[in-house]
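In what follows, a single structure is set out as structure tokens and then discussed.
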Amino acid sequence: MDWDWNFVWEIMPTLIQGVKITILATLLGSVLAAIVGLGIALARRSPNKALSRTVGFLAEFIRGTPLLVQLYFIFYVLPDFGILLPPLVAGVIGLGLHYGTYTAEVYRAGIDNVPRGQWEAAKACNLSATQTWTNIIIPQAIPPMIPALANYFIAMFKETPLLSAITVLELMNQAKSVANTYYRYIEPITLVGAFFLVISLFSVVLLRWLEHRYGKIER
Amino acid sequence: MTQWSGYLGLILQGALVTIELTLMGSVLALIMAFLAGMGRVSRFFALRWLATVYIEFFRGTSIFVQLFFAYFVLPLIGLELTPLQAGVLALGLNVGAYAAEVVRGAIQSVGREQYEACIALNLGRWQGMRHVILPQALLIMLPTFGNNAIELLKATSVVSLISLADLTFQAQVVRSQTGNTLVPFTTILIIYFALALIISWGVRSLERRMARGLDGVRV
Amino acid sequence: DDNKLEQLKAQGFARVAIANEPPYTAVAADGKVSGAAPDVAREVFKRLGVGDIVASISEYGAMIPGLQAGRFDVVTAGLFMKPERCAAVVYSEPVLCDAEAMLVKKGNPKGFKSYEDVAKDTSATIGAPGGGTEEKLALNAGVPRERVIVVPDGQSGLKMLQDGRIDAYSLPVLSINDLVKKANDPNLEVIAPVQGAPVYCDGAAFKKGDEALRDAFDVELAKMKKSGEFAKIIEPYGFSAAAAMSTTRDKLCAAK
Amino acid sequence: MIKVDAISKSFGSFKVLDGLSMQVMPGEKLALIGPSGSGKTTILRILMTLEKIDGGHIQIDGEQLYHMERNGQLLPADERHLTKMRQKIGMVFQLFNLFPHKCVMDNVTLAPMLTKGTPRAAAEKRAMELLDMVGMADKAKSMPAQLSGGQKQRVAIARALALSPKIMLFDEVTSALDPELVEEVLNVMRKLAAETDMTMLLVTHEMGFAHDFADRVLFFDRGRIVEEGKPDEIFRHPKQERTQGFLKKIIAAGHRV
Amino acid sequence: MIKVDAISKSFGSFKVLDGLSMQVMPGEKLALIGPSGSGKTTILRILMTLEKIDGGHIQIDGEQLYHMERNGQLLPADERHLTKMRQKIGMVFQLFNLFPHKCVMDNVTLAPMLTKGTPRAAAEKRAMELLDMVGMADKAKSMPAQLSGGQKQRVAIARALALSPKIMLFDEVTSALDPELVEEVLNVMRKLAAETDMTMLLVTHEMGFAHDFADRVLFFDRGRIVEEGKPDEIFRHPKQERTQGFLKKIIAAGHRV
Ligand SMILES: Nc1ncnc2c1ncn2[C@@H]1O[C@H](COP(=O)(O)OP(=O)(O)OP(=O)(O)O)[C@@H](O)[C@H]1O
Ligand SMILES: Nc1ncnc2c1ncn2[C@@H]1O[C@H](COP(=O)(O)OP(=O)(O)OP(=O)(O)O)[C@@H](O)[C@H]1O
Ligand SMILES: [Mg+2]
Ligand SMILES: [Mg+2]
């Protein structure tokens with residue numbers, strides 16, 4: 001089967017529509033993942049054993065099961081319990097929850113990687129717990145997290161095609177619908193691949209820069 | 001009212017397919033990881049370049065695109081693959097690209113002093129790699145390999161989109177036969193989680209066995 | 001390629017694409033493939049000397065590309081004949097005929113009778129399988145793309161209607177009836193047939209180039225139609241054999 | 001004055017301190033020496049409240065460190081009590097533990113501004129005096145990563161002094177430094193000892209310095225004080241066999257005593 | 001005999017060695033001293049071929065180290081040539097660099113078995129002799145993580161000796177050790193110096209040991225040899241101002257000379 005450039009130009013506007021939704025879903029999903037992750041990380045550090053264990057187990061469960069199935073669950077099962085979400089919202093929640101369990105690990109590692117000596121020096125300087133967190137720990141923990149968080153941002157971007165399973169008209173779904181209409185897969189799928197590759201390569205460059213800029217603290 | 005036992009059989013068949021995919025995909029991923037990971041640290045520019053292209057391409061494009069490409073586009077250019085082959089190929093190459101970076105990172109994280117000790121003892125490059133660097137790097141890779149394997153397990157769910165009868169697919173079938181969404185999806189979530197637990201347990205015990213003696217505890 | 005039939009005979013089975021949309025196609029609890037279309041195909045192939053069929057479930061939209069990519073030997077899934085499709089694949093003579101239906105909430109609150117009615121109501125959304133006839137009918141009737149929700153399978157469509165995510169869900173009459181029967185939900189209502197929508201018939205669809213196989217298929221199909229065996233297979237599923245025998249591929253493929 | 005009364009401390013099943021008691025007079029300069037793992041660091045960390053104790057009591061200037069007296073009862077100290085007690089104590093660490101994201105000046109002013117509410121101008125004035133004393137005034141705007149080990153340690157000393165503690169704890173403050181850089185830090189400490197009347201507790205492997213610097217030397221072994229006395233007594237005429245053995249090894253290893 | 005002829009070496013724009021020349025006689029024991037960053041480690045690493053040189057030549061026993069003679073032309077050495085030359089040289093590192101995943105015995109036997117094809121039995125017999133010499137025979141089955149620093153360093157010495165090099169390089173082999181453990185390593189080295197006729201190059205901050213051990217001392221500063229001579233000359237009567245200053249600081253820091 002031959003490559004048809006006319007067809008490519010014909011379907012391009014449709015695919016670009018899809019790219020917009022894909023990017024929107026990624027952005028919203030990332031914001032949610034950043035917040036959910038913080039919640040999980042804090043809950044897991046909580047001295048309340050019941051809370052930290054429960055949240056810990058739930059996070060493990062979400063991390064150990066496929067996002068696709070979780071999306072089906074959110075979209076098709078939750079309505080039985082009276083929670084009816086529009087497709088995009090359901091998708092963003094799915095992405096945010098799933099990736100929140102990953103960002104939680106980033107937060108945890110970021111905090112744990114602040115050397116114990118810093119906590120001790122803060123104590124020797126007689127800083128209170130809050131002062132220690134805001135002045136010593138957080139400023140040192142955040143910069144090394146940035147590349148890791150950006151990494152998950154890119155990973156999430158590449159998982160957005162899953163949202164097509166719950167009728168979100170993102171890039172993959174648009175491509176499929178084009179393929180369904182014209183019975184041609186080669187151009188739409190290749191284009192989707194190209195879109196992903198270009199955006200990913202671009203983000204890899206960004207990521208390298210972030211790593212360079214924030215990757216390590218000089219001690 | 002519904003013949004759940006029959007449908008359970010269907011889901012278990014799906015579980016077998018999922019396990020099969022995960023195992024075969026992992027083997028392919030492992031092979032690719034070592035080839036590309038060691039290619040990345042090779043002395044030869046061509047090898048380094050080849051490995052980099054492979055890794056960036058497969059990490060850059062989404063697994064869905066790769067899967068659809070393997071399933072729908074490759075046959076058009078004369079490469080016939082069964083759905084299972086297409087699934088294993090896409091999953092293995094995709095996860096292999098991620099794991100290759102793990103291999104590279106682990107090899108490089110074995111301290112420079114170990115390489116220098118090899119030179120001082122006049123070991124050849126391959127001898128040093130084989131007897132000194134890789135055995136140590138392997139231990140560093142293992143936990144991340146475990147995570148990669150779980151990622152692969154989760155990614156198998158997308159093969160349902162190319163009509164491979166895996167867990168997720170069978171859950172869809174059961175759902176459309178019975179009209180019940182909650183039961184099949186809850187069941188497969190639990191099965192996925194159990195499989196993930198088995199993987200991480202397996203990797204942990206392997207790690208413990210390999211780490212014996214390295215931590216100063218008498219064996 | 002004239003040897004296709006010989007190849008199938010040699011390997012002992014034919015690979016068919018189905019959709020898991022009862023009563024056209026279905027998968028039983030034990031995993032066995034049934035439904036009117038595969039049953040007809042199984043019988044025809046048996047007569048041609050091909051022992052069995054092996055089915056893979058596929059989305060409607062993926063069937064023709066899959067056929068072209070050599071994923072299946074034949075599509076037996078209620079893929080209705082339409083001029084564009086006739087241009088993409090080669091069809092057998094008609095097998096299953098059905099009109100289009102819409103599933104709506106009890107009392108048809110938006111008063112839909114045709115796809116045009118859906119187009120006119122600017123807040124209405126309609127669900128349909130991606131790449132299926134209904135999607136195209138709705139689009140042709142003027143429903144904008146964003147109000148035609150592509151639904152992966154019947155059960156999802158039913159669920160989305162029940163949950164109020166879509167206002168109507170469109171499938172062939174018999175498929176809708178089957179869904180409604182299983183759902184056992186008094187809050188649903190079927191509108192059948194949809195006004196202005198033609199009655200469609202499907203056929204077994206083969207890859208271009210497999211005309212010889214298709215012709216052989218047609219010969220056995222015609223024999224079965226004549227002997228009444230054909231009716232015996234499809235009528236229990238609710239399809240009318242008379243409807244399929246009253247029209248021809250050429251007519252259906254030429255229809256505008 | 002510090003009174004340590006029969007404290008014990010275990011890590012898991014390993015008993016690091018075993019009913020240790022000692023007293024330190026106000027203004028006294030004390031050197032803690034002994035083999036690796038004998039608990040020297042641990043006792044300093046306990047005084048800084050970086051570790052909890054398992055048993056025993058510690059009084060500083062007549063006040064309980066780990067306990068509070070309430071209606072004649074001894075209760076475990078709460079955070080407020082600990083904060084109050086920590087004002088008396090400063091500590092300098094082996095690995096400096098400077099705050100890497102803050103410049104030298106901010107490292108020194110942070111604690112006074114946050115814990116005592118000292119206005120920035122006053123805190124910076126005092127910080128300059130201290131940095132001047134340790135010979136680091138010209139590096140006030142540098143980041144820690146730009147400093148050598150010896151310079152870092154001198155900033156760490158200034159930082160600890162900024163809270164004007166009565167008691168200063170030094171844990172092997174020179175052992176992470178290149179030999180050439182050791183002297184500059186020891187000089188600062190000599191000056192400190194000469195110019196202030198702070199109580200100073202010093203853990204060190206620099207026997208020569210311990211000898212010159214300390215009023216009294218404690219020899220630790222396995223979580224107990226095996227021998228104590230004036231530096232001359234301990235270094236020239238150790239009574240205990242264990243002390244003799246330790247010093248012999250250290251001397252053989254090329255350290256001057 | 002080692003002949004180093006006008007070699008230079010830069011890291012980026014920083015010139016570490018600047019036209020350095022020196023000669024070492026067969027069997028000579030040489031101590032390299034000097035301030036931090038003066039290039040002592042670098043010259044040892046260059047002899048071990050762990051760093052490339054930017055200019056100059058090195059000959060070992062009359063053969064070029066970094067070059068090969070082919071038809072009267074000097075070409076850069078290839079891997080095969082380097083492998084051949086490395087057989088003459090062994091090195092012991094500051095941080096031991098033992099292979100953590102192999103037991104003591106395997107650490108020592110690995111190189112002879114792989115590079116010389118020595119059969120396991122012969123390699124183990126020789127390893128036991130060497131481990132016995134460094135006093136580690138009873139730990140042959142231990143993993144490195146189970147050893148103290150001094151024990152690790154003695155194994156590292158045995159490992160380097162297993163290849164029977166003619167030249168041994170020691171880079172601050174005791175400076176990572178607890179003071180108490182230094183002596184056991186130095187004893188092994190004394191024994192080695194007395195019992196074998198290996199050429200030995202030693203970088204150290206242990207001036208006392210350098211004094212007793214070396215036939216000749218080189219004082220390095222900024223990538224050049226500033227002064228050289230018999231230990232007594234250098235330590236008691238240094239001629240150069242830079243040497244005098246360095247020794248004064250070291251002594252002040254509490255090191256015995
Ligand atoms: N957090 C901890 N967990 C477990 N064991 C510990 C911990 N801190 C110290 N120890 C152990 O307690 C013992 C005493 O440690 P401490 O640091 O007080 O010794 P030290 O006298 O300062 O020795 P060194 O001269 O090596 O610094 C050591 O055996 C050490 O391994
Ligand atoms: N790989 C490298 N990259 C950049 N600079 C280096 C590298 N290795 C060494 N240097 C620099 O070269 C100089 C000389 O280093 P070298 O290790 O030879 O000094 P040294 O005399 O052994 O000092 P020390 O007593 O501290 O070990 C130092 O300034 C060092 O920072
Ligand atoms: Mg200590
Ligand atoms: Mg050095």
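No experiment lies behind these values; they were computed from the predicted model shown. Letters go in sequence order (proteins before strands), and every chain restarts at 1.
- Summarising the geometry of E:Pro100 relative to B:Gln136, their closest heavy-atom pair is CG-OE1, 3.2 Å, with the distance given to 0.1 Å.
- Rounding to the nearest 0.5 Å gives a distance of 7.0 Å between CD of E:Glu51 and CD of B:Glu116.
- B:Met210 CE to E:His101 NE2: the interatomic distance, rounded to the nearest 0.5 Å, is 9.5 Å.
- Residue contact with chain B, scored on non-hydrogen atoms closer than 4.5 Å, involves the backbone and the side chain of E:Leu114 alike.
- At a threshold of 4.5 Å between non-hydrogen side-chain atoms, the residues E:Thr115 and B:Gln127 count as touching.
- With chain B as the partner, the residue from E:Leu98, E:Asp106, E:Leu82 showing the most heavy-atom pairs under 4.5 Å is E:Leu98.
- For E:Lys116, no part sits under 4.5 Å from any heavy atom of chain B, backbone or side chain.
- Taking CG of B:Leu123 as the start and CZ of E:Arg86 as the end, the distance is 9.5 Å to the nearest 0.5 Å.
- Within 6.0 Å of the CZ atom in E:Arg120, the count of heavy atoms belonging to other residues, nucleotides or ligands does not exceed 12.
- Residues E:Leu110 and B:Val132 are in side-chain contact: their nearest non-hydrogen atoms beyond the backbone lie under 4.5 Å apart.
- Both the backbone and the side chain of E:Arg159 come within contact range of chain B, judged by heavy atoms closer than 4.5 Å.
- A donor-acceptor pair is defined here as one N or O able to donate and one able to accept, closer than 3.5 Å; such a pair exists between the side chain of B:Asn122 and the backbone of E:Thr83.
- Shortest non-hydrogen contact noted between E:Met48 and B:Ala120 is CE-CA, 3.5 Å.
- The distance from atom CD of B:Glu113 to atom CG of E:Leu95, rounded to the nearest 0.5 Å, is 7.0 Å.
- Look at B:Arg125 and E:Glu79 and you find no salt bridge, because none of the NZ, NE, NH1 or NH2 atoms lies under 4.0 Å from a carboxylate O.
- The local environment of CG in E:Asp138 is crowded, with over 12 non-hydrogen atoms from other residues, nucleotides or ligands closer than 6.0 Å.
- Residues B:Cys118 and E:Phe99 form a side-chain contact, since some pair of their non-hydrogen atoms from C-beta on lies under 4.5 Å apart.
- For the residue pair B:Leu121 and E:Ala160, the shortest heavy atom distance occurs at CD2-CA, 4.4 Å.
- To the nearest 0.5 Å, atoms CD1 (B:Ile119) and CE (E:Met91) are separated by 11.0 Å.
- Interface remark: B:Arg112 contributes side-chain atoms only to the contact with chain E (heavy atom separation under 4.5 Å).
- With respect to chain B, the highest number of heavy-atom pairs below 4.5 Å among E:Val92, E:Leu163, E:Leu169 belongs to E:Leu163.
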